[in-house]
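Here the structure is laid out as structure tokens; the discussion comes afterwards.
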Amino acid sequence: MNNQTLNLGFLASRNGSSMQAILGAVASGALQAEPRLAVSNNRQAPALAHAAAAGVPTLHIPTRSDPEAADRALTAAMVEAGVNLVILSGYLRRLGPVFLQRFHGRVLNIHPGPLPEFGGEGMYGRRVHEAVIAAGATASAAVIHVVDGEYDHGPEVARLIVPLEPGETAESLESRITALEPTFYLRTLQDIARGERVLPAV
């Protein structure tokens, strides 16, 4: 980020657990960043209430009826807020071309399984963990990557290896990785803020 202050924008469809951890770290001084805006496609998303309680401006932008208008509105909102790094925290909509062009290389997502083996369209939530178990893998991972125009495709930023335990099930693996993701996301942002981790070129 070339010593820029991290001006964070968040996208979440539900709880935004990683967003909550990041906002808490900013408030405590553990992360040097400025949260600028939180947006959800779901008006009832708890993430919006959490962001508002933390003093972060929030916005609801529905995407179903007019995806192209939503793409333009989301882009304009993030630009107006001065965002320079976008954090996806359980955002369940595909980002549009206008947004991806404007924030090229500046959008991060966390995926709950090894990439590229267990990614792609339709691979989210428990489906990922079921696939890892079915494949007989000895380890899974949480992977933070740059978002591009394809599902789970952009270059990797950081990876947290999660060895499978004896008798592991999709449910237990999901629970363990879900619990690890917020701290892993935060630690990666701390590395970026300190200049110890550089976002890959895309």
Side-chain angles (χ1 to χ4, degrees), residues 1 4-42 45-51 53-54 56 58 78 81 83-93 95 100 103 105-116 118-119 123-126 128-129 132 139-148 151-163 173-200 202:
M1 299 290 292
Q4 283 183 295
T5 298
L6 300 185
N7 295 331
L8 304 177
F10 298 93
L11 292 173
S13 295
R14 295 176 180 167
N15 291 324
S17 298
S18 291
M19 180 200 74
Q20 293 181 48
I22 292 164
L23 293 180
V26 171
S28 71
L31 173 63
Q32 299 302 309
E34 293 186 15
R36 294 296 187 92
L37 181 65
V39 179
S40 182
N41 60 300
N42 173 14
L48 292 180
H50 287 297
V56 179
T58 63
M78 290 288 183
V83 168
N84 61 20
L85 185 64
V86 180
I87 305 299
L88 272 59
S89 181
Y91 188 65
L92 304 179
R93 291 290 180 269
L95 293 170
L100 288 174
F103 290 96
R106 297 297 183 92
V107 184
L108 299 182
N109 182 50
I110 188 165
H111 184 75
L115 293 176
F118 299 99
M123 289 296 286
Y124 59 89
R126 187 164 296 177
V128 177
H129 309 296
V132 169
S140 189
V143 176
I144 295 171
H145 66 95
V146 175
V147 176
D148 61 13
Y151 286 110
D152 305 321
H153 176 265
E156 184 173 313
V157 176
R159 176 177 294 235
L160 177 67
I161 301 296
V162 181
L173 183 58
E174 179 180 42
S175 178
R176 291 202 297 126
I177 290 182
T178 298
L180 292 169
E181 284 180 337
T183 300
F184 174 47
Y185 222 152
L186 171 58
R187 191 166 67 243
T188 301
L189 287 180
Q190 288 171 325
D191 289 347
I192 293 171
R194 289 191 296 259
E196 296 173 3
R197 188 181 298 272
V198 178
L199 293 180
V202 294

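This structure is a prediction, so every number in the text was calculated from the model and none was measured.
A heavy-atom distance below 4.5 Å is found between the side chains of Phe103 and Val83. The shortest distance between side-chain heavy atoms of Leu95 and Leu88 falls below 4.5 Å. Contact check for Leu189 versus Ile22: side-chain heavy atoms found under the 4.5 Å cut-off. For the pair Asp148 and Leu100, the minimum side-chain heavy-atom distance is 4.5 Å or more. Between Met78 and Leu37 there is a side-chain heavy-atom pair separated by less than 4.5 Å. At least one side-chain heavy atom of Leu173 sits under 4.5 Å from a side-chain heavy atom of Ser140. Ile144 places none of its side-chain heavy atoms less than 4.5 Å from the side chain of Glu156. Using a 4.5 Å heavy-atom threshold, the side chains of Leu85 and Leu108 count as touching.
There is a side-chain donor-acceptor pair under 3.5 Å between Ser13 and Asn41.
For Arg14, the CZ atom is loosely surrounded, since the number of other residues' heavy atoms within 6.0 Å does not exceed 12.
Counting only distance, with no hydrogens or angles, the side chain of Ser40 and the backbone of Asn42 share a donor-acceptor pair below 3.5 Å.
Across all non-hydrogen atoms, the minimal contact from Met123 to His111 is O-CE1, 3.3 Å. The shortest heavy-atom contact between Pro182 and Ser18 is CA-OG, 3.6 Å.
Take Gln32 and apply the side-chain contact (heavy atoms from CB on, under 4.5 Å) test, not counting sequence neighbours, and it matches no residue.
Arg176 has no carboxylate O lying under 4.0 Å from a charged side-chain N of Glu174, or vice versa, which leaves the two without a salt bridge.
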